[in-house]
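Written out below as structure tokens is the structure these notes cover.
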There are 2 protein chains.
Amino acid sequence: MLAPAFSKETDTLLAQARTLCDRRGVQLTELRRKVLGLVLEGDKPTGAYDLLDRLRVHHKGAAPPTVYRALDFLLEQGLIHKVERLSAFVGCIHQSEDEDHHHAAQFLICQRCGQVTELEDPRVDRALVEAARELGFRPAGSTVEMEGTCAACAAAPASAPAPG
Amino acid sequence: MLAPAFSKETDTLLAQARTLCDRRGVQLTELRRKVLGLVLEGDKPTGAYDLLDRLRVHHKGAAPPTVYRALDFLLEQGLIHKVERLSAFVGCIHQSEDEDHHHAAQFLICQRCGQVTELEDPRVDRALVEAARELGFRPAGSTVEMEGTCAACAAAPASAPAPG
DNA sequence: GACATGACGTTACTACATAACATAACGCCA
DNA sequence: TGGCGTTATGTTATGTAGTAACGTCATGTC
């Protein structure tokens, strides 16, 4: 079970994640760290079974529950997000030690190039929380996703979607 | 292939849907009408395979594509919505002939009783569209869902979630 | 040393969704 | 009126996503 090699950027994020988990008293185990690394390495949202395939390279005998448990942990800790429309996972770009584990994020999904952009727009969250509150609804978590065409693809000729 | 019996409320909505499709020049076939009826009858979001089971009662030989094609049509026409977090479908309560086929809706999902409430809050949509516009993103469709506890369940004792 | 806890292994299964090709009904129009 | 395109549906098979249930192993603790 060798350690996979991650990019420098990923290693930095992994180090941050380690610090965060230590402070919270939760275990960023080797397995969970690997899965987080795989999610972070992808420049696009990655499906659980795709992660599983990659995980198996260095982690023999990995099965669906192996990946899903790790993903559940990472979601709980707010280290990754799930993009519901894609049934896929992305690393969270807004890691912050002091924040709630699950901060409210929004995603813009480009139908042309597949690129996903994470937003953290307070106006959107505020509007949603307010609308819920008016109905006496107590929010626990939200999914906000918008599909469409990103700026790069809108500018590119029809035959050439902006690359990943 | 007998016609299933729907409630009076559902029949009313089906009649509206019929009118709307006629005006648009699209075909609300018997099959599509049945599936729409089944979705509308449910007081909670219904999964595709649940719909399939019910469809089979009156529609021998129905298979997954039978249901999914009908659902795709109904989604296109804005007659139903998909709740991504539940992989399930609900009837749209905001049918309007003049509107876009896909209007921006939001959903509040109660984790206790499973009830789903559709909102159509202009503030939420406006905030999201604005945030996207600032990044040069051209919106095509959005998913906005919030999970939590509905007013009824929040008021009810812990052991007795408010009924469906 | 018995026992609780948390992480992970392993097997099997359930649920969700689509590909690919066949068939049938309809309108069109040459 | 026969051929053709279009749209809806039938049919078979397969791909993808997610979970249940139970076993094992390490660690801590009383």
Side-chain angles (χ1 to χ4, degrees), chain A residues 1 3 17-18 21-22 24-36 38-39 42 44-56 58-77 79-90 114 143, chain B residues 1 3 17-18 21-22 24-36 38-39 42 44-56 58-77 79-90 114 143 145 147:
Chain A
M1 191 147 101
R18 159 71 24 102
C21 287
D22 286 350
R24 286 181 185 162
V26 296
Q27 305 179 47
L28 184 63
T29 63
E30 193 49 33
L31 175 61
R32 290 165 175 173
R33 189 174 170 280
K34 277 188 202 170
V35 173
L36 177 55
L38 290 171
V39 173
K44 295 183 185 169
T46 313
Y49 279 68
D50 193 344
L51 292 170
L52 178 55
D53 287 342
R54 300 182 200 203
L55 184 61
R56 281 183 171 141
H58 288 108
H59 190 101
K60 248 175 61 175
T66 313
V67 165
Y68 279 104
R69 283 174 191 147
L71 291 172
D72 284 345
F73 171 85
L74 298 169
L75 285 167
E76 269 173 29
Q77 299 304 320
L79 295 168
I80 63 172
H81 293 288
K82 180 174 182 186
V83 182
E84 296 285 348
R85 283 213 175 191
L86 306 176
S87 294
F89 303 85
V90 288
T143 293
Chain B
M1 191 149 104
R18 159 85 48 201
C21 288
D22 286 350
R24 286 182 186 160
V26 296
Q27 303 179 48
L28 183 64
T29 63
E30 192 49 31
L31 174 61
R32 291 165 174 173
R33 188 174 171 279
K34 276 188 203 170
V35 173
L36 177 55
L38 291 171
V39 173
K44 296 186 185 168
T46 313
Y49 278 67
D50 193 344
L51 292 170
L52 178 55
D53 287 342
R54 299 182 200 202
L55 184 61
R56 280 181 171 144
H58 288 109
H59 191 100
K60 250 175 59 174
T66 314
V67 164
Y68 278 104
R69 283 173 189 147
L71 290 172
D72 284 346
F73 170 85
L74 298 170
L75 285 168
E76 269 173 30
Q77 299 304 319
L79 296 169
I80 63 172
H81 293 288
K82 181 176 181 185
V83 182
E84 297 285 347
R85 284 212 174 192
L86 306 178
S87 294
F89 303 85
V90 288
T143 293
E145 300 172 7
E147 268 185 277

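This one's a predicted model, so the numbers in the text were calculated from it and none came from an experiment. Every chain is numbered from 1 and lettered A, B, ... according to where its sequence line falls, protein lines coming before strand lines.
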| request: Please state whether the phosphate of D:dT16, meaning OP1 or OP2, lies under 4.0 angstrom from any side-chain nitrogen or oxygen of A:Tyr49. | output: no

| message | Nearest to the side chain of A:Gln27, heavy atoms from C-beta on, is which of C:dC8, C:dG6, C:dA17? | response | C:dG6

| D:dA17 P sits how many Å from A:Leu75 CG, rounded? | 15 Å

| query | Within this structure, what is the CD-to-P distance between A:Gln77 and C:dG6, rounded to whole angstrom? | reply | 14 Å

| task | Provide, to the nearest angstrom, the distance between the NZ atom belonging to A:Lys60 and the C1' atom belonging to C:dG9. | result | 14 Å

| task | Give, for atom CD of B:Gln77 and atom CG of B:Leu36, the distance between the pair rounded to the nearest 0.5 Å. | result | 11.0 Å

| field | Heavy-atom closest contact (A:Leu55 atom, A:Ala62 atom, distance) | value | CD2-CB, 3.9 Å

| request: Kindly say if B:His59 contacts the phosphate of D:dT9, meaning a side-chain N or O under 4.0 Å from OP1 or OP2. | output: no

| task | Provide, to the nearest angstrom, the distance between the CD atom belonging to A:Glu84 and the P atom belonging to D:dA17. | result | 13 Å

| remark: note: A:Leu55, atom CG; C:dT10, atom P; distance rounded to Å ~ 13 Å

| task | Please determine, for the side chain of A:Phe89, which listed nucleotide (D:dG18, C:dA19, C:dA17) has the closest atom? | result | D:dG18

| said: If the cut-off is 4.0 Å, is B:Lys82 near the phosphate of C:dC16, judged by side-chain N/O to OP1 or OP2? | reply: no

| query | Picking from D:dT11, D:dG18, C:dC16, which would you name as closest to the side chain of A:Ser87? | reply | D:dG18

| said: Whole angstroms only, please: what is the CG-C1' distance between A:Asp53 and D:dT16? | reply: 11 Å

| request: Return the nearest nucleotide to the side chain of A:Tyr68; candidates are D:dG18, D:dT9, C:dA17. | output: D:dG18

| remark: Rounded to the nearest 0.5 Å, the CZ atom of B:Arg85 sits from the CD atom of B:Glu147 at a distance of 4.5 Å

| Taking for each residue the nucleotide of DNA chain D with the nearest heavy atom, is it B:Pro64 or B:Leu31 whose nucleotide lies nearer the 5' end? | B:Leu31

| task | Would you classify A:Arg69 as touching base, sugar-phosphate or nothing, given that sugar-phosphate means primed atoms plus P, OP1 and OP2, and contacts are heavy atoms under 4.0 Å? | result | base

| note | Taking C:dT10, D:dT11, C:dT18 as options, the one with an atom nearest any side-chain atom of B:Thr66 is D:dT11

| B:Thr46 OG1 to B:Leu52 CG distance, which is reported to the nearest 0.5 Å | 12.5 Å

| Euclidean distance, atom CG of residue B:Leu52 to atom C1' of C:dA17 [Å, nearest integer] | 12 Å

| remark: Assign each of B:Val26 and B:Ala63 the nucleotide of DNA chain D bearing its closest heavy atom; nearer the 5' end lies the nucleotide of B:Val26

| task | Counting heavy atoms from C-beta on, name the nucleotide in C:dT11, D:dA8, D:dG18 closest to the side chain of B:Thr29. | result | D:dA8

| query | Once you round to the nearest 0.5 Å, how far does CG of A:Leu79 lie from CG of A:Leu71? | reply | 11.5 Å

| remark: From CG of B:Asp72 across to P of C:dT18 the rounded distance in Å is 7 Å

